[in-house]
Asks: 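Let me begin by handing over the structure; questions about it come next.
Protein chains get the first letters and strands the later ones, always in sequence-line order, with residue 1 at the start of each. Side chains are part of it too, since the values below use all heavy atoms of this structure and drop only hydrogens, waters and symmetry mates. Because the structure is a prediction, the values reported are computed rather than measured.
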Amino acid sequence: MDFKSVEKKWRDFWEKTKLSSFDKGNFDKKYYVLEMFSYPSGANLHLGHWYNYALSDSFARFKKMQGYNVFQPMGFDAFGLPAENYAIKTGIHPEDSTKQNIATMEVQLKNMGAMFDWDSELYTCSPEYYKWTQWLFLQLYKHGLAYQKQSPVNWCPSCNTVIANEQVVDGKCERCDTEIVRKNMTQWFLKITDYAEELIKGLDKLDWPEKTKTMQRNWIGRSEGGEVVFPIGDDKITVFTTRADTLMGVSYVVLAPEHPLVDSITTEDRKQDVAAYKLAASKASDIDRLSTVKEKTGVFTGAYCTHPITGKDIPVWIADYCLATYGTGAVMGVPAHDTRDYEFAKKFGLPITRVIRGKDCEGELPFTEHGIMVNSGSFDGLTTAEGKKAVLGFLSERGLGGVKVNYRLRDWSVSRQRYWGAPIPIIHCEHCGAVPVPEKDLPVRLPYDVNFTPDGQSPLKKCDEFMNTVCPKCGRPALRDPDTLDTFVCSSWYYLRYPDSKNAERPFDPAIINKMLPVDKYVGGAEHACMHLLYSRFITKALRDMGYLNFDEPFTSLVHQGLILGSDGEKMSKSKGNAVNADNIIDTYGSDALRLYLMFGFSFAEGGPWNDDGIKAISKFLDRVERAVDTAIANKGKDSNAAQAKELAYALNYCIKKVREDMETFSFNTAVARIMELVNVMYRCAESGDAYFDTCETLIRIMAPLVPHFAEELHERMGFKPSVFSYPYPVVDESKLVKDEVEIAVQINSKMRTKIIVPTSLDGDELTKFVLADGKVSPLLEGCSVKKVICIKGRLVNIII
RNA sequence: GCCCAAGUGGCGGAAUGGCAGACGCAAAGGACUUAAAAUCCUUCGGAGGAAACUCCGUGCCGGUUCGAGUCCGGCCUUGGGCACCA
């Protein structure tokens, strides 16, 4: 088949007949299939795009043939760091390079032959889109979900700029090799933590991979415990603990080096050591700081706080194993019952007091299991569970603590000191403070002529034209916020924009999206498990609470695609020279062959190494199907061979049943295997006249979503009116799958001995009798007494002797 | 380091706790052909055996079970994430 002209022919046909457009007047059987939109990076689509988009498209076409009104939009996540870095390097403006990249990718995506609804396309970098990203930020602000606070950033003292984590290599700046320090800056945060509880609870009802849900649960990190207050002068140190029952064993308190109290409590003679330690800590990453193998470090502040129960003096230390971002940024040190505290106390010679013992024996220190309280005065004898309640109850009565649930989840930092993003729609006025830009003034446009070479300031800060404005409240001169929004903000709501993407009046029409959403099937990489996917859930819930939506979750069902590696098993990259060019493949084998190979050669969620022989084989398989179609045309009108017709009917219906199940779960590789099995049977039954033709007709419809151009062509060649996608997806006839006999395995003492054929109808005692009397089985049992027989219908019989 | 996965023939990969290796590639043999390609057919985890068949085998070590690739505990290796790459 001349796939080049065939593919062009059918793409034109689909475009003319509007195959991929969504019927906006009909939500009854809507099906919203969404693939994570892509970043317009390089020039060409790579195999990863094909793997995600083409295979999801096959799923979408499968849904369409099942009678769904399918909505499958496409767009670009167009703001971000790479375009800006590219601009710093080459001088090409991010807007220009991004637009160029988008134009290239659009052409290629259109040539993919996917059912994308191009009328709904969006780019996050267009003012028509980011206007509403800014609107979203303002709504969050108005509802108390956006606030400013000081927060550390990676700072390169040589480039004089903020550096992304990705650009920090071994604690040094990727560009100039200077050691990175952390520096506090005032930044905007979104209060995702307000939704921590609901974000955990909501996971239960989602059809998402279990591992993704587990990752989100752990990321949010709910832990039940309590707060304990250690007074210090007129101030107080509050710690969070999950082991209040060990409170009587506290021998020191540790503050994070960044804790706000550190400077005020440090005694004169300790100031130098503390300052040096703080500097060192500012250079270590959280990952290093939390390492459990690294030797513990810390310094004494010279200060003492008061134990809330005993009133004794407790030394206050700072140590980098305590993070400012977790809990209260302070921990109580109980060396006898916590591994890290134990190491710390050993190293610095702090007292280690046992206050918990095991139920049956004392237990070696550090004893981190639950047990019975000892050395704890009136609490002695209580179990860990009872002790936690009692201690926190005691503290609560005295205003020194109480029960508390803590989350590991932190608020979402959204300020970026960069150019290529959506400007934060806030005006800073000397008199009125941070004032939101009035909605009528949106979008706050990103200026084109900006110097974005790094020199210590946000690029926008150097653009007077942008910065200088008037305060919307008091009318006096004021400055705009010089930062842009994290691109994750742009991508946290794009799925809401698609169904009504040209709406100039509002971000979305609730009447439409309440019917279109949630997304029925969302497909994208697992690397987004804890960020994009969590942010989107948060934004959906926040908008719901503001009254803009009536659903709780954006993505009902989620599937991750794996990664396609180079044929050497390594990640594809230009520098490794193992990248496979999708264009060359399509040119040689056609886009349908590429799709089918990507389906067949990998487990969708796993991905794997590319193999040139694999696509050759698939290409040959398509030729084999084409020959079967020609055989079918030759067979038409001839009498059927009854035996072959029966075999074909069984094979066909088995195939329909399995392919339907497999397509539903994105098990494309096994779906294709079942189709190959059917084709193999057809080759054995090539002389069966009309039965062969009918089987082949159905085969082509089964295959249509997987190889759309190829199937349209053969479907037409067989004499059917296009489009094949206007036909319903084949339905299984269960009656053709009923068999009288089945082969089962016979085990003796759980070892495979033989296989026998038994009537399908037999079960339980009847089956046991049948098997024991079988001519092949009975000789194996001679002289043995049967103790027990385990029957698994249709599978095996295990005889225990 | 922490969280989450994965590890099955020469290779890609299949297997609701129930016949390990479906389907395919590669390889070998055969048919067709002057020949090659294409196509069609057969074999194809390892060891032993003429064969029937037997034994071993799903990263490693243990456990649960009549039965474990699958469940549990402990390791090893690889991959993803760790909050400013998206």
Asks: Sticking with atom C1', work out how far B/A28 lies from B/A86, rounded to a whole angstrom.
Replies: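 My reading of the C1' atoms in B/A28 and B/A86 gives 49 Å.
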
Asks: Using the glycosidic torsion, which applies to B/G9: syn (within 90° of 0) or anti (everything else)?
Replies: syn

Asks: In terms of relative ring orientation, are A/Phe555 and A/His532 parallel, tilted or perpendicular, with 30° and 60° separating the classes?
Replies: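 It falls in the tilted class, 30° to 60°.
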
Asks: Distance between the P atoms of B/A20 and B/A37, in whole angstroms?
Replies: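 Going atom to atom, P in each nucleotide, I get 38 Å.
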
Asks: Between B/G24 and B/U70, how far is it from one C1' atom to the other, in whole Å?
Replies: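 It works out to 24 Å between them.
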
Asks: With heavy atoms under 4.0 Å as the rule, sort A/Phe488 into base, sugar-phosphate or nothing.
Replies: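 Answer is base: heavy atoms of A/Phe488 come under 4.0 Å of a base.
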
Asks: Taking the side chain of A/Ala617 as its heavy atoms from C-beta onward, which of B/G24, B/C66, B/C40 lies nearest to it?
Replies: B/G24

Asks: Counting side-chain heavy atoms from CB outward, which of B/C19, B/A14, B/U54 is closest to A/Ser603?
Replies: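 Of the candidates, B/A14 comes closest.
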
Asks: For B/U42 and B/G49, measure between their P atoms and round to the nearest Å.
Replies: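 To the nearest whole Å, 29 Å.
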
Asks: If the condition is side-chain contact (heavy atoms from CB on, under 4.5 Å), which residues does A/Pro209 pass it with, not counting sequence neighbours?
Replies: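 Testing A/Pro209 for side-chain contact (heavy atoms from CB on, under 4.5 Å), a comparison that skips the adjacent residues, returns A/Lys211, A/Thr212, A/Leu558, A/His560.
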
Asks: Mind checking who B/C75 pairs with, Watson-Crick or G-U wobble, both distances under 3.5 Å?
Replies: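 Because both required distances fall under 3.5 Å, B/C75 counts as paired with B/G59.
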
Asks: Of all the nucleotides listed (B/C40, B/C23, B/C85), which has the minimum atom distance to the side chain of A/Glu166?
Replies: B/C85

Asks: Roughly how many Å apart are B/U58 and B/G9, using the P atom of each and rounding to a whole number?
Replies: 9 Å

Asks: Quick check for you: among B/C56, B/G24, B/A86, whose closest atom lies nearest to any side-chain atom of A/Asn680?
Replies: B/G24

Asks: Let's see if you can work this out: which of B/G24, B/C40, B/G18 has an atom nearest to the side-chain heavy atoms of A/Gln747?
Replies: B/G18

Asks: Quick one: which of B/G13, B/G18, B/C66 gets closest to the side chain of A/Arg795?
Replies: B/G18

Asks: For the side chain of A/Leu409, starting at C-beta, report the closest nucleotide among B/G81, B/C84, B/A83.
Replies: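 Given the options B/G81, B/C84, B/A83, the side chain of A/Leu409 is closest to B/A83.
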
Asks: With sequence neighbours left out, write down each residue that passes side-chain hydrogen bond (donor to acceptor under 3.5 Å, both in side chains) with A/Ser491, or none if nothing qualifies.
Replies: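 So A/Ser491 forms no side-chain hydrogen bond (donor to acceptor under 3.5 Å, both in side chains) with any residue.
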
Asks: Identify which nucleotide among B/A20, B/C66, B/C84 has an atom closest to any side-chain atom of A/Asn798, counting heavy atoms from C-beta outward.
Replies: B/C66

Asks: Over all strands shown, is A/Lys616 touching base, sugar-phosphate only, or nothing at heavy-atom distances under 4.0 angstrom?
Replies: nothing

Asks: Is it true that A/Arg627 and A/Asp630 have a side-chain N and a carboxylate O under 4.0 angstrom from each other?
Replies: no

Asks: Should A/Asp486 and A/Arg416 count as an ion pair when the cut-off is N to O under 4.0 Å?
Replies: yes

Asks: Would you say A/Asn669 places a side-chain N or O within less than 4.0 Å of OP1 or OP2 belonging to B/C23?
Replies: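 Negative; the distance criterion is not met.
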
Asks: Could you identify the nucleotide paired to B/C40, looking across every strand shown and requiring Watson-Crick or G-U wobble geometry with both distances under 3.5 Å?
Replies: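 B/C40 is paired with B/G30.
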
Asks: Rounded to whole angstrom, note down the C1' distance from B/G45 over to B/U8.
Replies: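 Their C1' atoms lie roughly 10 Å apart.
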
Asks: Between B/G80, B/C84, B/A38, which one does the side chain of A/Lys620 approach most closely?
Replies: B/A38

Asks: Rounded to whole angstrom, note down the C1' distance from B/U77 over to B/C84.
Replies: 32 Å

Asks: Scan A/Phe668, A/Tyr597, A/Trp50 and name whichever one has a ring pair (Phe, Tyr, Trp, His ring centres under 6.0 Å) with A/Phe602.
Replies: A/Tyr597

Asks: In whole Å, measure the gap between the P atoms of B/C53 and B/U16 for me.
Replies: 28 Å

Asks: For the side chain of A/Arg627, counting heavy atoms from C-beta on, which of B/G80, B/C40, B/C55 is nearest?
Replies: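 Comparing B/G80, B/C40, B/C55 against the side chain of A/Arg627, the answer is B/C40.
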
